[in-house]
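For reference, the structure discussed in these notes is given below.
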Amino acid sequence: MEPHWLVIFGLALSLTSLGKTVLSSTHCDFPAIFNFGDSNSDTGGLSAAFGQAAAPHGESYFHGPAGRYCDGRLVIDFIAESLGLPYLNAYLDAVGSNFTHGANFATAGSTVRPQNTTLHQSGFSPFSLNVQWYQFNDFHRRTQVFLNKERVFHELLPKKEHFSRALYTFDIGQNDLTAGYFLNMSTDQVRAYVPDVLAQFRDIVKYIYGQGGRSFWIHNTGPVGCLPYILDRLKFTAAQVDKAGCATPFNDVAQYFNRKLKQVVVQLRKDLPRAAITYVDVYSVKYSLISQAKKHGFEESLRACCGHGGKYNYNMHLGCGGKIKVHGKEVLVGKPCKDPAAWINWDGVHYTQAANKWVFDQIVGGSFSDPPIPLKQACHRYS
Ligand SMILES: *[C@@H]1O[C@H](CO)[C@@H](O)[C@H](O)[C@H]1NC(C)=O
Ligand SMILES: *[C@@H]1O[C@H](CO)[C@@H](O)[C@H](O)[C@H]1NC(C)=O
Ligand SMILES: *[C@@H]1O[C@H](CO)[C@@H](O)[C@H](O)[C@H]1NC(C)=O
């Protein structure tokens with residue numbers, strides 16, 4: 001044997017002894033992303049259906065409204081970038097969309113369970129996860145039909161085989177938790193319906209698998225109790241607020257949801273033998289960011305950069321981008337803070353681009369994932 005063959009042989013042996021690492025070392029080359037979720041990953045869905053998220057949303061990166069509730073890019077944008085794919089167009093965006101590398105079914109205000117109220121009444125989107133599934137299903141079906149019709153669709157729709165090789169991403173659940181609180185339910189009542197929320201979530205993952213989806217990237221829900229729209233609206237007592245300034249009862253429910261979600265993921269891996277499902281602990285990343293903001297390079301942890309008044313620079317009736325009349329003149333509410341890059345919270349509900357980038361940087365390598373593999377390798381299954 002030539003000496004260099006010995007070296008290679010030895011290397012292969014030592015890699016094999018690491019077991020799973022060997023399998024995971026190849027990149028997946030995801031050709032497309034299909035995303036499901038709420039405002040945390042909405043790249044234009046709610047804006048297409050109900051009117052654009054107004055300026056100054058989008059100002060830091062897109063230099064104008066871009067369908068995102070943020071000054072710039074979202075975690076899903078950084079995910080697309082890092083996989084070498086274009087930003088996802090919203091499925092609902094009829095004009096100018098290009099779905100060759102995926103589609104986004106998320107809309108701001110979406111819940112897993114369909115709500116019994118209208119957007120106008122409660123602020124929750126009619127595009128709940130089951131509806132996002134109907135849309136994906138139709139998108140999938142019509143793509144097969146139209147790819148056979150005219151060449152032009154080859155430049156607008158994903159290839160047939162891309163559906164099974166795509167990464168399916170999820171970030172949803174937060175609004176299911178707030179929905180109960182906004183209906184004045186107690187924490188116990190909210191906890192009691194979490195299993196139903198997760199059962200519906202589980203069904204959708206199974207439907208997508210049934211249609212050929214194999215790689216799933218699932219974010220758990222963030223520390224919602226650290227966001228002004230909860231802190232301001234639900235009036236917590238001092239004893240209910242932790243050192244970081246977050247509402248403990250609310251974060252407890254979010255963590256309860258996450259524990260249950262993790263159990264659902266474990267069960268799904270058993271039920272779907274060919275699925276690679278990555279559970280990503282976004283909660284811990286966001287909580288660490290907010291509770292140690294200074295250490296991570298941010299000046300403001302809780303207050304909204306773009307908002308209006310009060311302890312948190314947030315007013316639920318006068319949101320970022322809203323307008324009021326002062327002495328007969330229309331004035332923009334929530335002139336954003338000078339340096340959004342130093343703030344974590346954008347508008348009282350959503351994170352700034354800088355915070356989103358920070359979160360993405362933490363999760364991309366797999367340190368917060370179960371199994372702990374990088375985004376680029378999330379097509380590999382571990383039993
Ligand atoms: C909506 O109402 C139906 C019928 O009463 C009920 O089964 C369902 O759980 C309700 N949905 C939510 C989100 O409360
Ligand atoms: C859509 O995007 C793909 C990939 O970026 C590109 O090859 C294609 O030409 C685009 N379609 C149109 C109609 O511009
Ligand atoms: C919840 O309680 C508040 C304060 O008592 C009340 O103003 C509001 O109308 C109630 N909301 C619902 C949906 O019952």
Side-chain angles (χ1 to χ4, degrees), residues 29-35 38 43-44 76-77 79-91 93-104 107 109-134 139 142-143 146-147 149-163 165-167 172-204 221 224 229-237 247 249-250 253 257 260 315-317:
D29 289 325
F30 294 115
I33 300 171
F34 296 103
N35 181 66
D38 55 28
T43 56
I76 190 69
D77 293 315
I79 288 179
E81 261 182 36
S82 81
L83 295 177
L85 301 174
Y87 299 137
L88 293 183
N89 281 129
Y91 167 76
D93 240 336
V95 178
S97 287
N98 184 338
F99 299 116
T100 49
H101 294 289
N104 192 354
T107 70
S110 287
T111 47
V112 173
R113 296 198 304 174
Q115 299 300 303
N116 292 321
T117 51
T118 65
L119 178 83
H120 180 71
Q121 290 165 325
S122 62
F124 293 107
S125 165
F127 305 105
S128 44
L129 187 59
N130 61 321
V131 178
Q132 295 180 25
W133 152 253
Y134 300 145
F139 178 82
R142 289 166 69 89
T143 294
F146 280 86
L147 282 180
K149 277 203 170 160
E150 272 188 68
R151 280 226 55 89
V152 61
F153 294 110
H154 291 251
E155 293 212 355
L156 292 169
L157 297 171
K159 290 193 173 65
K160 192 168 189 261
E161 61 272 23
H162 286 183
F163 284 93
R165 288 181 48 216
L167 182 66
I172 194 161
Q174 169 175 335
N175 294 321
D176 287 276
L177 302 181
T178 60
Y181 280 102
F182 294 170
L183 289 170
N184 294 336
M185 287 187 182
S186 70
T187 296
D188 283 343
Q189 286 172 310
V190 172
R191 286 168 75 106
Y193 68 66
V194 165
D196 185 38
V197 172
L198 288 169
Q200 297 195 25
F201 176 83
R202 182 198 59 207
D203 289 347
I204 303 298
T221 204
V224 222
Y229 85 117
I230 297 301
L231 291 165
D232 183 70
R233 182 165 175 172
L234 297 175
K235 311 294 174 211
F236 296 92
T237 66
F250 212 103
V253 172
F257 176 90
K260 293 277 171 198
N315 180 331
M316 68 178 280
H317 302 292

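Each ligand, and each atom within it, is numbered from 1 in the order the structure gives. The figures that follow rest on heavy atoms only: side chains count, while hydrogens, waters and symmetry mates do not.
Nearest heavy atom pair, residue Leu177 against residue Tyr193, reads O-OH, 3.6 Å.
Considering backbone and side-chain atoms alike, Asp196 places every N or O at 3.5 Å or more from each N or O of ligand 1.
Looking at heavy atoms from C-beta onward, Tyr91 lies out of side-chain contact with Asn104 at the 4.5 angstrom threshold. Proximity of Lys235 to Asp232: side-chain heavy atoms (C-beta onward) are separated by under 4.5 Å at one or more points.
No side-chain donor-acceptor contact under 3.5 Å links Ser128 and Thr111.
When the ring-ring contact (aromatic ring centres under 6.0 Å, His included) test is applied to Tyr87, no partner is found at least two apart in sequence or on another chain. Scanning for side chain to side chain contact (heavy atoms under 4.5 Å, CB included) contacts around Thr143 gives Phe139, Leu147, Leu157, Pro158, Phe163, with sequence neighbours left out.
Enumerated by chain and number, the residues approaching ligand 2 to less than 4.0 Å through a heavy atom are Asn98, Thr100, His101, Glu155, Leu156.
Residues in residues 176-198 take part in these salt bridge (Lys or Arg N to Asp or Glu O under 4.0 Å) pairs, two or more places apart or across chains: Arg113-Asp196.
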Take Phe250 and Tyr181 through the test ring-ring contact (aromatic ring centres under 6.0 Å, His included) and record every step on the way to the result.
CA-CA 9 Å; Phe250 212 103; Tyr181 280 102; 4.6 Å; yes
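Ligand-side atoms of ligand 1 in range of Arg113: 12 (C), 13 (C), 14 (O), range being under 4.0 angstrom from any heavy atom. Residue contact check: Asn184 has heavy atoms under 4.0 Å from atoms 1 (C), 2 (O), 3 (C), 8 (C), 10 (C), 11 (N), 12 (C), 14 (O) of ligand 3.
Residue contacts with ligand 1: Pro114 is included, with a non-hydrogen atom under 4.0 Å away.
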